[in-house]
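Numbers restart at 1 for each chain; the letters A, B, ... are given by sequence-line order, proteins then strands. Computed from a prediction, not measured in an experiment: that's the story for all the values here.
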Number of protein chains: 2
Amino acid sequence: MPHLLIKDLPRYECLIEASKRFPELNPSACEAFLHLLRAGDEAFVAMERNLTAHNISHGRFGVLMLLAQNCDDCGGTGAMTPAELADQTRVTRATMTGLVDTLERDGFVSRTVDANDRRMMRVCLTPKAHAFLEKLLPGHFQLMASLMAPLSQTERKTLVTLLNKVIQNAATLNSSPAQSTAAGR
Amino acid sequence: MPHLLIKDLPRYECLIEASKRFPELNPSACEAFLHLLRAGDEAFVAMERNLTAHNISHGRFGVLMLLAQNCDDCGGTGAMTPAELADQTRVTRATMTGLVDTLERDGFVSRTVDANDRRMMRVCLTPKAHAFLEKLLPGHFQLMASLMAPLSQTERKTLVTLLNKVIQNAATLNSSPAQSTAAGR
DNA sequence: GGAAAACAGTTAGGCGCCTAACGGTTAGCT
DNA sequence: AGCTAACCGTTAGGCGCCTAACTGTTTTCC
(Lines give C-alpha, C1' and ligand atoms only; values in the text may rest on other atoms or scores of the structure.)
Protein backbone atom coordinates (compact mmCIF):
# COMPACT_ATOMS: atom_id res chain seq x y z
CA MET A 1 0.00 0.00 0.00
CA PRO A 2 2.63 2.58 0.87
CA HIS A 3 5.13 3.93 -1.55
CA LEU A 4 8.40 2.21 -1.09
CA LEU A 5 10.44 4.61 0.95
CA ILE A 6 13.43 3.92 3.09
CA LYS A 7 12.35 3.40 6.67
CA ASP A 8 14.96 5.42 8.51
CA LEU A 9 15.67 8.75 6.89
CA PRO A 10 19.42 9.40 6.78
CA ARG A 11 20.93 11.65 9.41
CA TYR A 12 22.07 15.07 8.32
CA GLU A 13 25.71 14.24 8.94
CA CYS A 14 25.43 11.35 6.53
CA LEU A 15 24.08 13.68 3.86
CA ILE A 16 27.01 16.03 4.38
CA GLU A 17 29.35 13.09 4.17
CA ALA A 18 27.71 11.89 0.98
CA SER A 19 27.89 15.38 -0.51
CA LYS A 20 31.67 15.03 -0.53
CA ARG A 21 31.41 12.14 -2.92
CA PHE A 22 28.60 13.72 -4.92
CA PRO A 23 29.03 17.46 -5.30
CA GLU A 24 25.52 17.67 -6.79
CA LEU A 25 24.02 16.61 -3.48
CA ASN A 26 22.71 19.60 -1.59
CA PRO A 27 22.24 18.39 1.99
CA SER A 28 19.49 20.76 3.03
CA ALA A 29 17.57 20.22 -0.21
CA CYS A 30 17.93 16.48 0.09
CA GLU A 31 16.80 16.49 3.70
CA ALA A 32 13.75 18.59 2.91
CA PHE A 33 12.91 16.45 -0.11
CA LEU A 34 13.08 13.19 1.79
CA HIS A 35 11.04 14.53 4.66
CA LEU A 36 8.43 15.82 2.26
CA LEU A 37 8.23 12.47 0.52
CA ARG A 38 7.92 10.67 3.80
CA ALA A 39 5.35 12.97 5.35
CA GLY A 40 3.25 12.87 2.22
CA ASP A 41 3.41 9.10 2.17
CA GLU A 42 2.49 8.86 5.81
CA ALA A 43 -0.51 11.12 5.27
CA PHE A 44 -1.52 9.13 2.24
CA VAL A 45 -1.32 5.82 4.07
CA ALA A 46 -3.40 7.17 6.93
CA MET A 47 -6.04 8.41 4.54
CA GLU A 48 -6.16 5.25 2.50
CA ARG A 49 -6.43 3.09 5.58
CA ASN A 50 -9.53 4.98 6.54
CA LEU A 51 -10.98 4.65 3.06
CA THR A 52 -10.34 0.95 2.67
CA ALA A 53 -12.08 0.44 5.99
CA HIS A 54 -15.17 1.66 4.13
CA ASN A 55 -14.43 -0.53 1.11
CA ILE A 56 -13.51 2.25 -1.25
CA SER A 57 -10.23 3.01 -2.97
CA HIS A 58 -8.75 6.49 -3.03
CA GLY A 59 -9.28 6.54 -6.74
CA ARG A 60 -13.01 5.95 -6.53
CA PHE A 61 -13.21 8.30 -3.55
CA GLY A 62 -11.64 11.07 -5.60
CA VAL A 63 -14.26 10.64 -8.30
CA LEU A 64 -17.09 10.75 -5.79
CA MET A 65 -15.69 13.89 -4.16
CA LEU A 66 -15.29 15.60 -7.48
CA LEU A 67 -18.84 14.82 -8.52
CA ALA A 68 -20.19 15.90 -5.15
CA GLN A 69 -18.27 19.15 -5.30
CA ASN A 70 -19.52 19.84 -8.79
CA CYS A 71 -23.02 19.15 -7.59
CA ASP A 72 -22.89 21.37 -4.53
CA ASP A 73 -20.87 24.32 -5.69
CA CYS A 74 -22.22 25.12 -9.07
CA GLY A 75 -25.70 24.08 -8.18
CA GLY A 76 -25.47 22.01 -11.29
CA THR A 77 -26.72 18.56 -11.95
CA GLY A 78 -23.46 17.06 -10.77
CA ALA A 79 -23.09 15.43 -14.14
CA MET A 80 -19.62 15.28 -15.65
CA THR A 81 -18.08 13.50 -18.58
CA PRO A 82 -15.40 10.87 -18.04
CA ALA A 83 -12.90 13.11 -19.81
CA GLU A 84 -13.58 15.96 -17.38
CA LEU A 85 -13.24 13.61 -14.46
CA ALA A 86 -10.00 12.18 -15.77
CA ASP A 87 -8.57 15.62 -16.39
CA GLN A 88 -9.36 16.96 -12.95
CA THR A 89 -8.27 13.88 -11.05
CA ARG A 90 -5.02 13.52 -12.99
CA VAL A 91 -5.58 10.00 -14.23
CA THR A 92 -5.92 8.82 -17.81
CA ARG A 93 -9.30 8.38 -19.43
CA ALA A 94 -8.68 4.67 -19.60
CA THR A 95 -8.26 4.55 -15.85
CA MET A 96 -11.38 6.63 -15.40
CA THR A 97 -13.36 4.08 -17.39
CA GLY A 98 -12.37 1.44 -14.88
CA LEU A 99 -13.16 3.63 -11.89
CA VAL A 100 -16.58 4.55 -13.23
CA ASP A 101 -17.18 0.89 -14.08
CA THR A 102 -16.81 -0.21 -10.48
CA LEU A 103 -18.65 2.80 -9.13
CA GLU A 104 -21.54 2.04 -11.43
CA ARG A 105 -21.46 -1.63 -10.47
CA ASP A 106 -21.70 -0.64 -6.80
CA GLY A 107 -24.58 1.71 -7.50
CA PHE A 108 -22.74 4.95 -6.71
CA VAL A 109 -22.98 6.57 -10.13
CA SER A 110 -25.09 6.28 -13.23
CA ARG A 111 -24.00 6.56 -16.84
CA THR A 112 -26.17 8.14 -19.51
CA VAL A 113 -25.32 9.16 -23.03
CA ASP A 114 -25.35 12.86 -23.81
CA ALA A 115 -28.38 13.90 -25.83
CA ASN A 116 -26.54 16.39 -28.01
CA ASP A 117 -23.25 14.59 -28.57
CA ARG A 118 -23.58 10.85 -28.69
CA ARG A 119 -19.85 10.42 -28.15
CA MET A 120 -20.11 11.73 -24.61
CA MET A 121 -21.33 10.16 -21.42
CA ARG A 122 -22.81 11.88 -18.40
CA VAL A 123 -21.77 10.51 -15.03
CA CYS A 124 -24.06 11.33 -12.09
CA LEU A 125 -24.02 10.56 -8.40
CA THR A 126 -26.86 8.42 -7.09
CA PRO A 127 -28.66 9.06 -3.79
CA LYS A 128 -26.84 6.05 -2.42
CA ALA A 129 -23.54 7.81 -3.09
CA HIS A 130 -24.69 10.94 -1.29
CA ALA A 131 -25.70 8.90 1.72
CA PHE A 132 -22.40 7.05 1.62
CA LEU A 133 -20.39 10.27 1.60
CA GLU A 134 -22.49 11.71 4.40
CA LYS A 135 -21.52 8.72 6.51
CA LEU A 136 -17.88 8.59 5.47
CA LEU A 137 -16.80 12.22 5.45
CA PRO A 138 -16.95 13.00 9.17
CA GLY A 139 -14.37 10.32 9.89
CA HIS A 140 -12.32 11.47 6.94
CA PHE A 141 -12.21 15.02 8.26
CA GLN A 142 -11.43 13.85 11.76
CA LEU A 143 -8.48 11.96 10.40
CA MET A 144 -7.08 15.10 8.81
CA ALA A 145 -7.60 17.02 12.02
CA SER A 146 -5.88 14.45 14.21
CA LEU A 147 -3.01 14.13 11.78
CA MET A 148 -2.39 17.87 11.86
CA ALA A 149 -3.09 18.15 15.56
CA PRO A 150 0.55 18.66 16.61
CA LEU A 151 0.78 21.81 14.50
CA SER A 152 -0.52 25.13 15.75
CA GLN A 153 -2.64 27.36 13.59
CA THR A 154 0.28 29.56 12.61
CA GLU A 155 2.50 26.56 11.99
CA ARG A 156 -0.08 25.22 9.57
CA LYS A 157 -0.13 28.51 7.73
CA THR A 158 3.64 28.47 7.51
CA LEU A 159 3.59 24.91 6.25
CA VAL A 160 1.05 25.72 3.57
CA THR A 161 3.09 28.69 2.42
CA LEU A 162 6.25 26.65 2.14
CA LEU A 163 4.53 23.74 0.43
CA ASN A 164 2.91 26.10 -2.03
CA LYS A 165 6.31 27.28 -3.17
CA VAL A 166 7.35 23.69 -3.77
CA ILE A 167 4.10 22.85 -5.54
CA GLN A 168 4.34 25.80 -7.89
CA ASN A 169 7.94 25.01 -8.67
CA ALA A 170 7.27 21.31 -9.18
CA ALA A 171 4.36 22.03 -11.47
CA THR A 172 6.58 23.93 -13.87
CA LEU A 173 9.35 21.36 -13.57
CA ASN A 174 7.02 18.45 -14.19
CA SER A 175 5.36 20.05 -17.17
CA SER A 176 8.63 20.96 -18.85
CA PRO A 177 9.57 18.50 -21.58
CA ALA A 178 12.79 17.03 -20.22
CA GLN A 179 15.48 18.30 -17.95
CA SER A 180 17.95 15.53 -18.52
CA THR A 181 21.08 16.48 -16.67
CA ALA A 182 23.57 13.85 -17.59
CA ALA A 183 24.89 14.07 -21.09
CA GLY A 184 23.65 11.24 -23.20
CA ARG A 185 23.34 7.69 -22.13
CA MET B 1 1.70 7.08 -12.32
CA PRO B 2 0.65 9.84 -9.91
CA HIS B 3 -1.62 9.30 -7.03
CA LEU B 4 -5.08 10.35 -7.89
CA LEU B 5 -5.45 13.74 -6.34
CA ILE B 6 -7.83 16.48 -7.23
CA LYS B 7 -6.21 18.92 -9.61
CA ASP B 8 -7.30 22.21 -8.12
CA LEU B 9 -7.03 22.32 -4.36
CA PRO B 10 -10.13 23.90 -2.82
CA ARG B 11 -9.93 27.51 -1.80
CA TYR B 12 -9.87 28.27 1.89
CA GLU B 13 -13.29 29.92 1.80
CA CYS B 14 -14.76 26.73 0.43
CA LEU B 15 -13.30 24.80 3.32
CA ILE B 16 -14.85 27.22 5.79
CA GLU B 17 -18.13 26.91 3.96
CA ALA B 18 -17.93 23.12 4.05
CA SER B 19 -17.09 23.18 7.75
CA LYS B 20 -20.60 24.54 8.39
CA ARG B 21 -22.07 21.36 7.01
CA PHE B 22 -19.44 19.13 8.59
CA PRO B 23 -18.44 20.33 12.05
CA GLU B 24 -15.64 17.76 12.08
CA LEU B 25 -13.90 19.59 9.25
CA ASN B 26 -11.10 21.75 10.58
CA PRO B 27 -10.29 24.16 7.74
CA SER B 28 -6.67 24.83 8.60
CA ALA B 29 -5.96 21.15 9.20
CA CYS B 30 -7.67 20.20 5.97
CA GLU B 31 -5.79 22.80 4.00
CA ALA B 32 -2.45 21.70 5.42
CA PHE B 33 -3.29 18.05 4.81
CA LEU B 34 -4.24 18.56 1.19
CA HIS B 35 -1.21 20.69 0.46
CA LEU B 36 1.03 18.09 2.05
CA LEU B 37 -0.53 15.34 -0.03
CA ARG B 38 -0.15 17.37 -3.17
CA ALA B 39 3.40 18.48 -2.57
CA GLY B 40 4.46 14.97 -1.70
CA ASP B 41 2.81 13.65 -4.83
CA GLU B 42 4.44 16.29 -6.99
CA ALA B 43 7.85 15.47 -5.53
CA PHE B 44 7.22 11.79 -6.04
CA VAL B 45 6.21 12.22 -9.66
CA ALA B 46 9.28 14.32 -10.37
CA MET B 47 11.53 11.71 -8.84
CA GLU B 48 9.91 8.81 -10.59
CA ARG B 49 10.04 10.53 -13.94
CA ASN B 50 13.76 10.81 -13.54
CA LEU B 51 14.08 7.18 -12.52
CA THR B 52 11.97 5.76 -15.33
CA ALA B 53 14.13 7.72 -17.76
CA HIS B 54 16.89 5.39 -16.59
CA ASN B 55 14.66 2.32 -16.86
CA ILE B 56 14.35 1.68 -13.16
CA SER B 57 11.32 1.79 -10.90
CA HIS B 58 11.35 3.56 -7.56
CA GLY B 59 10.91 0.19 -5.90
CA ARG B 60 14.03 -1.28 -7.41
CA PHE B 61 15.87 1.99 -6.87
CA GLY B 62 15.07 1.85 -3.17
CA VAL B 63 16.55 -1.61 -2.91
CA LEU B 64 19.73 -0.55 -4.69
CA MET B 65 20.11 2.50 -2.44
CA LEU B 66 19.62 0.45 0.67
CA LEU B 67 22.20 -2.10 -0.38
CA ALA B 68 24.65 0.61 -1.39
CA GLN B 69 24.18 2.41 1.92
CA ASN B 70 24.70 -0.80 3.85
CA CYS B 71 27.84 -1.41 1.84
CA ASP B 72 29.34 2.04 2.31
CA ASP B 73 28.44 2.90 5.86
CA CYS B 74 29.15 -0.23 7.78
CA GLY B 75 32.06 -1.19 5.62
CA GLY B 76 30.26 -4.48 5.38
CA THR B 77 29.83 -6.75 2.45
CA GLY B 78 26.64 -5.03 1.46
CA ALA B 79 24.84 -8.32 1.72
CA MET B 80 21.34 -8.29 3.16
CA THR B 81 18.56 -10.82 3.41
CA PRO B 82 15.27 -10.24 1.57
CA ALA B 83 13.53 -9.97 4.93
CA GLU B 84 15.82 -7.16 6.05
CA LEU B 85 15.32 -5.38 2.76
CA ALA B 86 11.57 -5.75 2.96
CA ASP B 87 11.49 -4.46 6.50
CA GLN B 88 13.57 -1.38 5.83
CA THR B 89 11.85 -0.44 2.59
CA ARG B 90 8.38 -0.94 3.99
CA VAL B 91 7.16 -3.48 1.47
CA THR B 92 6.15 -7.07 2.06
CA ARG B 93 8.57 -9.93 1.63
CA ALA B 94 6.51 -11.14 -1.29
CA THR B 95 7.01 -7.83 -3.06
CA MET B 96 10.71 -7.95 -2.26
CA THR B 97 10.96 -11.29 -3.98
CA GLY B 98 9.65 -9.73 -7.16
CA LEU B 99 11.95 -6.72 -6.91
CA VAL B 100 15.02 -8.88 -6.34
CA ASP B 101 13.91 -11.13 -9.19
CA THR B 102 14.03 -8.33 -11.73
CA LEU B 103 17.18 -6.83 -10.25
CA GLU B 104 18.89 -10.19 -10.54
CA ARG B 105 17.59 -10.64 -14.07
CA ASP B 106 19.10 -7.27 -15.01
CA GLY B 107 22.41 -8.15 -13.40
CA PHE B 108 22.24 -5.60 -10.58
CA VAL B 109 22.25 -8.01 -7.65
CA SER B 110 23.28 -11.59 -6.97
CA ARG B 111 21.53 -14.11 -4.77
CA THR B 112 23.43 -16.67 -2.72
CA VAL B 113 22.20 -18.98 -0.01
CA ASP B 114 23.48 -18.35 3.48
CA ALA B 115 26.10 -20.91 4.51
CA ASN B 116 24.90 -21.20 8.10
CA ASP B 117 21.14 -21.06 7.64
CA ARG B 118 19.94 -22.56 4.42
CA ARG B 119 16.60 -20.81 4.75
CA MET B 120 18.21 -17.43 4.19
CA MET B 121 19.46 -15.71 1.07
CA ARG B 122 22.17 -13.09 0.77
CA VAL B 123 21.52 -10.31 -1.72
CA CYS B 124 24.59 -8.42 -2.96
CA LEU B 125 25.16 -5.53 -5.35
CA THR B 126 27.16 -6.29 -8.47
CA PRO B 127 29.83 -3.98 -9.89
CA LYS B 128 27.35 -3.18 -12.63
CA ALA B 129 24.96 -1.82 -10.03
CA HIS B 130 27.64 0.37 -8.50
CA ALA B 131 28.47 1.79 -11.89
CA PHE B 132 24.80 2.35 -12.60
CA LEU B 133 24.28 4.27 -9.37
CA GLU B 134 27.40 6.33 -9.97
CA LYS B 135 25.88 7.45 -13.25
CA LEU B 136 22.34 7.93 -11.99
CA LEU B 137 22.78 9.63 -8.63
CA PRO B 138 24.15 13.01 -9.77
CA GLY B 139 20.98 13.66 -11.74
CA HIS B 140 18.89 12.37 -8.88
CA PHE B 141 20.49 14.80 -6.45
CA GLN B 142 20.23 17.65 -8.91
CA LEU B 143 16.52 16.97 -9.16
CA MET B 144 16.10 17.30 -5.42
CA ALA B 145 18.11 20.50 -5.42
CA SER B 146 16.12 22.10 -8.22
CA LEU B 147 12.85 21.05 -6.62
CA MET B 148 13.76 22.71 -3.35
CA ALA B 149 15.40 25.67 -5.02
CA PRO B 150 12.63 28.17 -4.21
CA LEU B 151 13.15 27.60 -0.48
CA SER B 152 15.91 29.34 1.42
CA GLN B 153 18.15 27.48 3.80
CA THR B 154 16.16 28.59 6.85
CA GLU B 155 12.87 27.84 5.13
CA ARG B 156 14.05 24.30 4.51
CA LYS B 157 14.94 23.92 8.14
CA THR B 158 11.52 25.18 9.15
CA LEU B 159 9.85 22.83 6.70
CA VAL B 160 11.77 19.85 8.03
CA THR B 161 10.85 20.73 11.59
CA LEU B 162 7.18 21.01 10.77
CA LEU B 163 7.14 17.85 8.68
CA ASN B 164 8.91 15.97 11.44
CA LYS B 165 6.07 16.75 13.80
CA VAL B 166 3.60 15.36 11.30
CA ILE B 167 5.72 12.29 10.62
CA GLN B 168 6.08 11.45 14.28
CA ASN B 169 2.40 11.91 14.86
CA ALA B 170 1.41 9.90 11.81
CA ALA B 171 3.72 7.06 12.78
CA THR B 172 1.92 6.60 16.06
CA LEU B 173 -1.49 7.03 14.43
CA ASN B 174 -0.74 4.54 11.68
CA SER B 175 0.61 1.93 14.04
CA SER B 176 -2.32 2.19 16.41
CA PRO B 177 -5.09 -0.34 15.78
CA ALA B 178 -7.87 2.14 15.09
CA GLN B 179 -8.01 5.89 15.12
CA SER B 180 -9.94 7.30 18.03
CA THR B 181 -12.06 10.39 18.04
CA ALA B 182 -8.92 12.33 18.74
CA ALA B 183 -9.78 14.78 21.42
CA GLY B 184 -6.33 14.70 22.79
CA ARG B 185 -2.68 15.20 22.54
C1' DG C 1 15.06 -39.34 17.92
C1' DG C 2 10.74 -37.32 16.15
C1' DA C 3 6.56 -34.39 15.90
C1' DA C 4 5.24 -29.69 15.95
C1' DA C 5 6.08 -24.87 16.00
C1' DA C 6 8.60 -20.96 14.07
C1' DC C 7 10.82 -18.94 10.46
C1' DA C 8 12.67 -17.58 5.42
C1' DG C 9 11.49 -17.15 0.83
C1' DT C 10 8.41 -18.07 -2.97
C1' DT C 11 4.13 -18.68 -5.67
C1' DA C 12 -0.79 -17.57 -6.95
C1' DG C 13 -4.32 -14.38 -7.57
C1' DG C 14 -6.21 -9.67 -7.14
C1' DC C 15 -6.39 -4.48 -7.65
C1' DG C 16 -5.13 -0.02 -9.40
C1' DC C 17 -2.75 2.47 -12.54
C1' DC C 18 -0.41 2.99 -16.93
C1' DT C 19 0.25 3.11 -22.41
C1' DA C 20 -1.25 1.85 -26.97
C1' DA C 21 -4.54 0.64 -30.07
C1' DC C 22 -9.37 0.24 -31.26
C1' DG C 23 -14.54 1.34 -32.97
C1' DG C 24 -18.13 4.96 -32.94
C1' DT C 25 -19.43 10.03 -33.51
C1' DT C 26 -18.87 14.73 -34.88
C1' DA C 27 -16.71 18.57 -37.41
C1' DG C 28 -13.89 20.46 -41.31
C1' DC C 29 -12.55 20.63 -45.87
C1' DT C 30 -12.92 20.18 -51.07
C1' DA D 1 -22.48 15.11 -50.66
C1' DG D 2 -17.92 12.35 -49.31
C1' DC D 3 -13.28 11.92 -47.29
C1' DT D 4 -10.54 13.05 -43.57
C1' DA D 5 -9.21 14.65 -39.14
C1' DA D 6 -10.29 15.17 -34.40
C1' DC D 7 -12.48 13.61 -30.57
C1' DC D 8 -14.84 10.35 -26.89
C1' DG D 9 -14.94 6.29 -24.40
C1' DT D 10 -13.48 1.62 -24.22
C1' DT D 11 -10.61 -2.57 -24.53
C1' DA D 12 -6.15 -5.22 -24.24
C1' DG D 13 -1.90 -6.00 -22.13
C1' DG D 14 1.76 -4.75 -18.79
C1' DC D 15 3.84 -3.40 -14.20
C1' DG D 16 4.08 -2.78 -9.26
C1' DC D 17 2.23 -3.68 -5.07
C1' DC D 18 -0.76 -6.25 -1.96
C1' DT D 19 -2.66 -10.60 0.87
C1' DA D 20 -2.97 -15.48 1.53
C1' DA D 21 -1.38 -19.90 0.97
C1' DC D 22 2.56 -22.83 0.04
C1' DT D 23 7.55 -25.24 0.26
C1' DG D 24 11.54 -25.96 2.58
C1' DT D 25 14.69 -25.34 6.79
C1' DT D 26 15.74 -24.79 11.60
C1' DT D 27 14.50 -24.87 16.45
C1' DT D 28 11.90 -26.60 20.45
C1' DC D 29 10.43 -29.78 23.52
C1' DC D 30 8.67 -34.12 24.80
Side-chain angles (χ1 to χ4, degrees), chain A residues 1-5 41 44-45 47-49 51-64 79-106 109-124 174, chain B residues 1-5 41 44-45 47-49 51-64 79-106 109-124 174:
Chain A
M1 202 136 57
H3 278 153
L4 186 140
L5 201 58
D41 195 48
F44 179 79
V45 168
M47 183 186 73
E48 194 168 54
R49 241 182 43 150
L51 292 179
T52 49
H54 289 79
N55 285 321
I56 192 167
S57 71
H58 73 277
R60 293 200 286 274
F61 176 71
V63 176
L64 290 184
M80 297 177 70
T81 68
E84 286 172 343
L85 289 169
D87 182 47
Q88 295 208 30
T89 52
R90 312 172 90 208
V91 298
T92 61
R93 285 174 303 177
T95 298
M96 188 51 63
T97 296
L99 292 174
V100 173
D101 275 349
T102 58
L103 285 173
E104 188 179 29
R105 183 201 59 195
D106 294 351
V109 303
S110 63
R111 261 196 267 231
T112 50
V113 289
D114 188 293
N116 295 349
D117 191 335
R118 300 190 53 185
R119 288 174 302 185
M120 294 190 190
M121 304 291 283
R122 291 282 156 188
V123 181
C124 287
N174 282 340
Chain B
M1 203 128 61
H3 279 154
L4 186 142
L5 199 59
D41 196 48
F44 180 78
V45 168
M47 184 185 71
E48 195 168 52
R49 240 182 46 148
L51 292 179
T52 49
H54 290 79
N55 285 321
I56 192 166
S57 72
H58 72 279
R60 293 199 288 273
F61 177 70
V63 176
L64 290 186
M80 297 178 72
T81 68
E84 286 173 342
L85 288 169
D87 182 47
Q88 296 208 29
T89 52
R90 313 171 90 208
V91 298
T92 62
R93 285 175 303 178
T95 299
M96 189 51 64
T97 295
L99 292 175
V100 174
D101 275 349
T102 56
L103 285 173
E104 188 179 28
R105 184 201 59 196
D106 293 352
V109 302
S110 64
R111 260 196 269 233
T112 51
V113 288
D114 188 293
N116 296 349
D117 191 334
R118 299 191 52 185
R119 289 174 300 185
M120 294 191 189
M121 305 291 283
R122 292 281 157 188
V123 181
C124 287
N174 282 340

Send over the distance from [X] [atom1] to [N] [atom2], rounded to a whole Å.
{"X": "B:His58", "N": "D:dC15", "atom1": "NE2", "atom2": "P", "value": "16 Å"}
{"X": "B:Phe61", "N": "D:dC17", "atom1": "CZ", "atom2": "P", "value": "14 Å"}
{"X": "A:Phe44", "N": "D:dC18", "atom1": "CZ", "atom2": "C1'", "value": "13 Å"}
{"X": "B:Arg90", "N": "D:dT19", "atom1": "CZ", "atom2": "C1'", "value": "18 Å"}
{"X": "B:Leu51", "N": "D:dG16", "atom1": "CG", "atom2": "C1'", "value": "14 Å"}
{"X": "B:Asp114", "N": "D:dT26", "atom1": "CG", "atom2": "P", "value": "9 Å"}
{"X": "A:Glu48", "N": "C:dC15", "atom1": "CD", "atom2": "P", "value": "14 Å"}

I'd like to know if B:Asp101 and B:Arg60 make a salt bridge, using a cut-off of under 4.0 Å between side-chain N and carboxylate O. no

Is it true that A:Asp41 and B:Arg90 make a salt bridge, defined as a side-chain N closer than 4.0 Å to a carboxylate O? yes

For A:Asn116 and A:Thr102, take the nucleotide of DNA chain C holding the closest heavy atom to each; which residue's nucleotide lies nearer the 5' end? A:Thr102

Between A:Arg60 and A:Arg118, whichever has its closest DNA chain C nucleotide further toward 5' is A:Arg60

Could you tell me whether the side chain of [Y] reaches within less than 4.5 Å of the side chain of [X], counting heavy atoms only?
{"X": "A:His54", "Y": "A:Phe61", "value": "no"}
{"X": "B:Val100", "Y": "B:Met96", "value": "yes"}
{"X": "A:Leu64", "Y": "A:Ile56", "value": "yes"}

Residues forming a side-chain hydrogen bond (donor to acceptor under 3.5 Å, both in side chains) with A:Arg122, sequence neighbours excluded: A:Asp114

Just the table, please: protein N/O against nucleotides 4-12 of chain D N/O, every pair under 3.5 Å.
unit_1, atom_1, unit_2, atom_2, d
D:dC7, O2, A:Arg119, NH1, 3.2
D:dG9, OP1, A:Met121, N, 3.4
D:dG9, OP2, A:Ala83, N, 2.9
D:dT10, OP1, A:Arg111, NH1, 2.6
D:dT10, OP2, A:Thr97, OG1, 3.1
D:dT10, OP2, A:Arg111, NH1, 3.1

